[in-house]
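This report concerns only the one structure given below.
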Amino acid sequence: MDSNAESIPRSPSSCGHSSTTMFRPPVNRAMRVLDRSFFKKSVPISAATILETKNISQVRKRLSASNDLLDLPRYSVCTVPNPGPLIVGNGQLLDLSSTELQKKKCLLLRENVKHDDTATWSPTIGELVNEGLVGLGPYMVELDYNYWNFSDIINAILPEEEAKTGESPEGFTQTGHVLHLNLRERWHPYKHIIAEILMDKNSGAKTVINKTESVGTVSEFRTFPFEVLAGENDLNVVVREQGCVFHFDFARVYWNSRLETEHRRLVNKFKPGELVCDVMAGVGPFAIPAGKKKIFVWGNDLNPYGFEVMEDSIVRNHVESFVNAFNMDGRAFIRETSKMMQGPTHKAIVRPKIHRSQLEKGETLPQPQVYVRPPTVDHFVMNLPATAIEFLDAYVGVYHGLERLFQPHTDRKLPMIHVYCFSGHSDDERIDHIDICERISERIGFTLTPDDTVDGSGNAARELAIHNVRLVSPQKQMFCASFRLPEEVAFRKV
């Protein structure tokens with residue numbers, strides 16, 4: 001089990017900024033089986049009933065400016081005040097019928113305001129009452145399990161010493177209807193109750209699982225052992241990302257929903273008509289969206305099931321003209337692409353949508369767009385951060401004898417390599433960049449330094465860029481290192 005499991009920061013309490021605990025849920029630190037009915041609370045406070053609906057906005061603005069409103073989310077405006085007489089101007093009592101009250105709206109007042117004690121009223125409250133805009137009366141706030149959020153409920157159940165830490169065990173990723181936890185060992189006694197609460201509090205969640213071993217320790221396909229903690233034992237999910245849809249069994253492939261931003265970032269670097277080789281493509285989170293953008297993709301994955309899902313995703317997302325799937329070892333695939341480049345020319349014809357009105361009016365119809373696959377690869381993507389750098393030696397001599405296909409013989413540059421990797425989480429990020437460059441250099445037999453950027457002091461022809469993707473744990477950072485494949489590597493005789 002990874003002791004450095006990720007954790008989402010604790011959610012703000014739904015109880016606002018109240019200085020008391022009166023709006024927090026009741027506490028039961030002995031609870032081990034979730035009892036939703038336990039979490040009920042009635043809190044008596046005071047409310048300002050607006051006597052004429054047209055004055056709601058004015059009254060709220062004045063009470064807000066004087067900090068007299070109760071900071072209780074979803075209870076800022078109430079539609080049915082508790083029946084009973086209201087205190088109005090000059091301390092008189094106004095006894096409205098229940099029917100009349102149901103037509104009124106009220107604003108809840110901070111907890112130290114007492115409707116029947118003018119000494120607790122602010123000048124603003126007194127003015128509003130005397131002006132005949134509001135009447136003050138009692139109000140009973142009814143709170144239950146559905147009102148409070150995950151942090152509120154779990155911190156009413158955990159041992160006091162755990163609750164005081166301010167850290168809540170709610171770190172998870174959601175893939176389709178599956179919530180995936182990576183619970184630290186200290187949370188294991190509460191894992192089932194944690195799972196039930198999380199499923200209740202997250203829309204669309206039907207299954208909660210907990211990873212029992214780190215990714216890659218059991219399977220070379222980056223799948224992991226897990227236990228179902230709550231809900232259905234069904235991991236067949238539907239995921240939507242970048243306008244594409246994927247159907248797969250989450251237990252049989254690697255997918256991380258937290259990487260959507262990174263998938264989008266890299267795909268946006270590719271241009272329509274370019275050729276991208278996705279070496280460790282998985283089910284296609286780079287390949288399929290790229291195909292949607294009219295980018296040619298050769299997507300490869302070693303996992304036979306991942307390959308099947310990618311083939312299904314190609315058809316499901318209508319990118320057959322641009323994306324091809326392969327099921328090979330990554331190193332062999334890199335070498336094979338040099339032969340594939342010399343294969344037959346491939347064209348993709350994109351026919352524009354034609355509206356009936358255009359036909360009826362006899363308008364000149366737009367012509368189909370024709371995309372011709374380039375003769376060489378523009379980008380290689382290597383999204384296997386734990387080991388991708390080890391595969392870089394496959395580029396050594398990959399284009400030996402094919403020099404004629406690239407500059408200066410043609411206008412084609414050698415491809416950009418986008419390799420994902422892990423490094424430390426140093427206070428000085430340059431230390432991590434040096435580490436990454438040294439490991440890359442060792443594999444390709446060519447020195448790459450952090451200064452080899454477009455505007456750097458090193459070899460600008462390398463076009464190096466190291467992007468910080470995400471913090472995986474306090475000591476572990478994920479990076480994407482992009483660089484232009486050196487001629488000395490690609491054309492080397494081996």
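Source: prediction; values computed, not measured.
Looking only at distances, no side-chain donor or acceptor of H247 sits under 3.5 Å from a matching main-chain atom of V238. Put simply, the side chain of D452 never gets that close to the backbone of L448: no donor and acceptor are under 3.5 Å apart. Checking side-chain atoms of N303 against main-chain N and O of R252 turns up a donor-acceptor pair under 3.5 Å. Remark: side-chain polar atoms of D378 are paired, donor with acceptor, to backbone N or O of L275 under 3.5 angstrom. Counting only distance, with no hydrogens or angles, the side chain of R240 and the backbone of V245 share no donor-acceptor pair below 3.5 Å. Listed for the R60 side chain is no donor-acceptor partner under 3.5 Å among the backbone atoms of L107.
W255 and H263 have perpendicular rings, their planes meeting at more than 60° on a 0 to 90° scale where under 30° would count as parallel. Aromatic ring orientation, F322 versus Y371: perpendicular (interplanar angle above 60°, classes split at 30° and 60°).
Ring pair F270/F286: centre-to-centre distance not below 6.0 Å. The aromatic ring centroids of F326 and F307 lie 6.0 Å or more from each other.
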I'd like to know whether F296 forms a side-chain contact (heavy atoms from CB on, under 4.5 Å) with S321, so could you lay out the CA-CA distance, the side-chain angles of the two residues, the decisive distance to 0.1 Å, and finally the verdict.
CA-CA 8 Å; F296 293 100; S321 297; over 6 Å; no

Check step by step if side-chain contact (heavy atoms from CB on, under 4.5 Å) holds for R32 and I193.
CA-CA 7 Å; R32 290 298 178 269; I193 202 166; 5.9 Å; no

The test is side-chain contact (heavy atoms from CB on, under 4.5 Å); show your working for L69 and L108 and say whether it passes.
CA-CA 6 Å; L69 293 179; L108 305 189; over 6 Å; no

If you apply the rule salt bridge (charged side-chain N to carboxylate O under 4.0 Å, His left out), what do you find for E241 with K292, and how did you get there?
CA-CA 12 Å; E241 185 174 295; K292 281 276 191 181; over 6 Å; no

Please walk me through it: do R36 and D144 pass salt bridge (charged side-chain N to carboxylate O under 4.0 Å, His left out)?
CA-CA 8 Å; R36 296 171 181 82; D144 61 15; over 6 Å; no

List the steps and the verdict of ring pair (Phe, Tyr, Trp, His ring centres under 6.0 Å) for F172 and H180.
CA-CA 5 Å; F172 68 87; H180 164 212; 9.7 Å; no

Check step by step if side-chain contact (heavy atoms from CB on, under 4.5 Å) holds for C437 and L464.
CA-CA 10 Å; C437 287; L464 175 69; 3.9 Å; yes

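When the ring-ring contact (aromatic ring centres under 6.0 Å, His included) test is applied to F479, the partners found at least two apart in sequence or on another chain are H433.
Remark: R331 qualifies as a cation-pi partner of F391 under the 6.0 Å distance and 45° angle criteria applied to the six-membered ring. Note that K201 lies outside the cation-pi zone of F150, set by a 6.0 Å cut-off to the ring centre and a 45° limit from the axis. Because its NZ or CZ atom is not both nearer than 6.0 Å to the ring centre of Y147 and within 45° of the ring axis, K40 does not count as a cation-pi partner of that residue.
Of all non-hydrogen atoms in A156 and P26, the two that sit nearest each other are CB-O, 3.5 Å. Smallest separation of non-hydrogen atoms from F422 and A386: CE1-N, 3.8 Å. Across every non-hydrogen atom of C244 and I288, the tightest pair is SG-CG2, 3.8 Å.
The residues R430 and D451 are annotated as salt-bridged, a charged nitrogen and a carboxylate oxygen being separated by less than 4.0 angstrom. Salt-bridge check for R439 with E390: failed, with every basic side-chain N at 4.0 Å or more from each acidic carboxylate O. For the pair E487 and R462, the salt-bridge criterion is met [side-chain N within less than 4.0 Å of a carboxylate O]. A salt bridge links R443 with D393; the closest basic N to acidic carboxylate O contact falls under 4.0 Å. The existence of a salt bridge linking E262 and R265 is confirmed by a sub-4.0 Å separation between a basic side-chain nitrogen and an acidic carboxylate oxygen. Ionic pairing of E488 and R492 is not present here: no N-O contact between side-chain nitrogen and carboxylate oxygen is shorter than 4.0 angstrom.
For the atom pair CG of N149 and CG of N155, the computed distance is 9.0 Å after rounding to the nearest 0.5 Å. The OG atom of S441 sits 7.5 Å away from the CD atom of E438 when rounded to the nearest 0.5 Å. Distance check: S257 OG to Q174 CD gives 8.0 Å after rounding to the nearest 0.5 Å. To the nearest 0.5 angstrom, Q242 atom CD is 9.5 Å from T261 atom OG1. K269 contributes atom NZ, which lies 8.5 Å from atom SG of C480 (distance to the nearest 0.5 angstrom). In this structure, T337 OG1 and W298 CH2 are separated by 6.5 Å, a value rounded to the nearest 0.5 Å.
Considering only heavy atoms from C-beta on, N468 comes within 4.5 Å of Q477 through its side chain. For the pair D200 and L34, the minimum side-chain heavy-atom distance is below 4.5 Å.
N236 and D234 form a side-chain donor-acceptor contact under 3.5 Å, judged by distance and modelled atom types alone. A donor and an acceptor atom, one from each side chain of T173 and R258, are nowhere located under 3.5 Å apart. No side-chain N or O of E232 forms a donor-acceptor pair with one of T207 less than 3.5 Å apart.
Counting non-hydrogen atoms of other residues, nucleotides and ligands closer than 6.0 Å to NZ of K206 gives a total of 12 or fewer. When the shell of 6.0 Å around CG of N146 is examined, it contains more than 12 heavy atoms from other residues, nucleotides or ligands.
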